[in-house]
Amino acid sequence: RRWDFGSVSVVVPDIGLDIYTNGDFQVDLGYPWDEDFGRSFTLQMFPFTGSGGFYYASLSNDTSTTTPTTTLGTFDPVIQFGLGFAVGLGKDIDQGIFKAGLSLTVQGFIEGTIAGYTSVSTDPTINDTYYLINGTLALVGKIYGSVDFKIVKADFEVIAYAKIRSTIEAYRAIDIYLEAGVSIKLKVRIKLGFFKVTITCSASTTFKESFTVGSDSIAPWDENTDSAKVYLGNALHNSIYSRRNPYRYIRNARRLTSMR
């Protein structure tokens, strides 16, 4: 995956494609899951470095895992997306048994879900749009090195970072998180024929703080709230005019209220 052209290095991204039996799909072009840019597209031209990747998914109520769980309606279609990038100063070296690198980068991540919500009630005013956006901005410094003598291999890594993260969700308060930390890792692996010995040492310290802006409010898909009472009233009204099954709406309403 890595190509070197003199002072310029290029790493092509990992590519993933998920296709569901109902036609839903997800395309992944090197998105840095768990903030790991090892699978992302990377361009280095000393002293500058940049990495990035993204994913896009067209899902439904049956395949999405990021929409709320509810029996009051369905979410369809569901669009999910993610974009991650890292830009800054740094350089990686990969020469034979030696690997090393250092970098100071600004990293950004954004993941989102946007879905149309359709209530089981016949009242069209209850239909709405659900959204969930997670965003992170971080400043990260990293130094790492590795030497591999086949029989003995040693790795070390030092990371210092500061980040701010926010979550914005429909009908919910905005959560903001602040975090800073330092971590040191050292790993030594020794191969002795059929045996392998691994020695790992690590230390870290982290500072975290969080606060909330605004307050939660009742969403049309919330259960065990006053919205269930509203739905019950609509269900009783609709049962009077339902020709096919006048008890269908009432049974749904009873199931809701039994969960209280």
Side-chain angles (χ1 to χ4, degrees), residues 11 13-18 24-44 48-61 63-70 75-90 103-117 128-142 159-183 204-222:
V11 179
D14 287 343
I15 299 175
L17 176 62
D18 296 326
D24 294 351
F25 68 90
Q26 175 174 295
V27 179
D28 176 8
L29 295 178
Y31 181 77
W33 301 101
D34 298 323
E35 302 183 7
D36 179 12
F37 287 94
R39 63 186 310 277
S40 303
F41 173 82
T42 300
L43 176 63
Q44 296 179 339
F48 304 103
T49 180
S51 300
F54 71 92
Y55 71 88
Y56 174 85
S58 177
L59 306 177
S60 62
N61 193 75
T63 54
S64 174
T65 59
T66 58
T67 51
T69 301
T70 182
F75 297 93
D76 196 15
V78 180
I79 302 300
Q80 294 179 201
F81 60 89
L83 173 67
F85 68 89
V87 293
L89 305 176
S103 63
L104 178 63
T105 60
V106 175
Q107 299 180 0
F109 307 88
I110 183 169
E111 291 186 83
T113 298
I114 301 176
Y117 173 74
D128 209 334
T129 299
Y130 173 78
Y131 57 85
L132 172 63
I133 307 295
N134 289 305
T136 301
L137 187 64
L139 178 64
V140 181
K142 179 180 179 181
I159 298 177
Y161 68 91
K163 68 171 64 175
I164 180 171
R165 179 165 58 90
S166 180
T167 299
I168 302 175
E169 185 177 8
Y171 292 93
R172 298 294 182 261
I174 299 175
D175 296 322
I176 299 176
Y177 304 88
L178 303 175
E179 183 178 340
V182 177
S183 65
S204 63
T205 182
T206 304
F207 167 80
K208 296 181 179 181
E209 188 61 70
S210 64
F211 57 94
T212 300
V213 178
S215 59
D216 294 345
S217 58
I218 297 174
W221 45 82
D222 286 341

Could you walk me through whether Leu139 and Leu104 pass the side chain to side chain contact (heavy atoms under 4.5 Å, CB included) test, one step at a time?
CA-CA 7 Å; Leu139 178 64; Leu104 178 63; 4.1 Å; yes
Pair Ile174-Thr167, side chain to side chain contact (heavy atoms under 4.5 Å, CB included): steps then yes or no:
CA-CA 6 Å; Ile174 299 175; Thr167 299; over 6 Å; no
side-chain hydrogen bond (donor to acceptor under 3.5 Å, both in side chains) between Tyr171 and Asp222, intermediate numbers included
CA-CA 10 Å; Tyr171 292 93; Asp222 286 341; over 6 Å; no
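With respect to Arg165 and Asp175, no salt bridge is recorded, no charged nitrogen being found less than 4.0 Å from a carboxylate O.
With Asp34 contributing its side chain and Asp36 its backbone, the two residues share no donor-acceptor pair below 3.5 Å. Listed for the Asp14 side chain is no donor-acceptor partner under 3.5 Å among the backbone atoms of Gly30.
Looking at heavy atoms from C-beta onward, Ser60 lies out of side-chain contact with Val78 at the 4.5 angstrom threshold. Put simply, the side chain of Ile79 reaches to within 4.5 Å of the side chain of Ser58, judged on heavy atoms. Contact check for Ile176 versus Thr212: no side-chain heavy atoms found under the 4.5 Å cut-off.
Atom-to-atom distance recorded for Ile168:CD1 and Asn134:CG is 9.0 Å, nearest 0.5 angstrom. Of the inter-residue distances, the one linking Arg172 atom CZ with Tyr131 atom OH reads 10.5 Å to the nearest 0.5 angstrom. In this structure, NZ on Lys163 lies 11.5 Å from CG on Leu178, to the nearest 0.5 angstrom. Remark: Ile110 CD1 to Ile133 CD1 distance equals 5.5 Å, nearest 0.5 Å. One distance of note links CG of Asn61 with OG1 of Thr67; it measures 6.0 Å at 0.5 Å rounding. A distance of 11.5 Å separates CD of Glu35 from OG of Ser40, quoted to the nearest 0.5 Å.
Among Thr70, Thr113, Ile114, the single residue meeting the side chain to side chain contact (heavy atoms under 4.5 Å, CB included) criterion with Phe75 is Thr70.
With sequence neighbours excluded, the residues that form a side chain to side chain contact (heavy atoms under 4.5 Å, CB included) with Pro13 are Phe41. Under the rule for a salt bridge (charged side-chain N to carboxylate O under 4.0 Å, His left out), Asp24 has no partner lying at least two apart in sequence or in another chain. Take Thr206 and apply the side chain to side chain contact (heavy atoms under 4.5 Å, CB included) test, not counting sequence neighbours, and it matches Tyr161, Glu179, Lys208.
Gly82 approaches Tyr31 most closely through the heavy-atom pair C-CE1, 3.6 Å. In this structure, Ala173 and Asp216 approach most closely via the heavy-atom pair N-OD1, 2.8 Å. When all heavy atoms of Pro32 and Gly84 are compared, the closest pair comes out as CG-CA, 3.9 Å. Of all non-hydrogen atoms in Gly90 and Thr49, the two that sit nearest each other are N-CG2, 3.7 Å. Leu59 and Thr63 get closest at one heavy-atom pair: CB-OG1, 3.4 Å. Here the shortest heavy-atom pairing between Ala170 and Thr129 reads CB-O, 4.3 Å.
A donor and an acceptor atom, one from each side chain of Tyr56 and Gln80, are nowhere located under 3.5 Å apart. For Thr42 and Ser51, the side-chain atoms include at least one donor-acceptor pair closer than 3.5 Å. A side-chain donor-acceptor contact under 3.5 Å links Asp28 and Trp33.
Using bins of under 30°, 30° to 60° and over 60° for the plane-to-plane angle, the ring pair Tyr117/Trp221 lands in the perpendicular bin. Under the 30°/60° scheme for interplanar angles, the aromatic rings of Phe37 and Phe109 are found to be tilted.
Within 6.0 Å of CZ in Phe25 there are more than 12 heavy atoms belonging to other residues, nucleotides or ligands.
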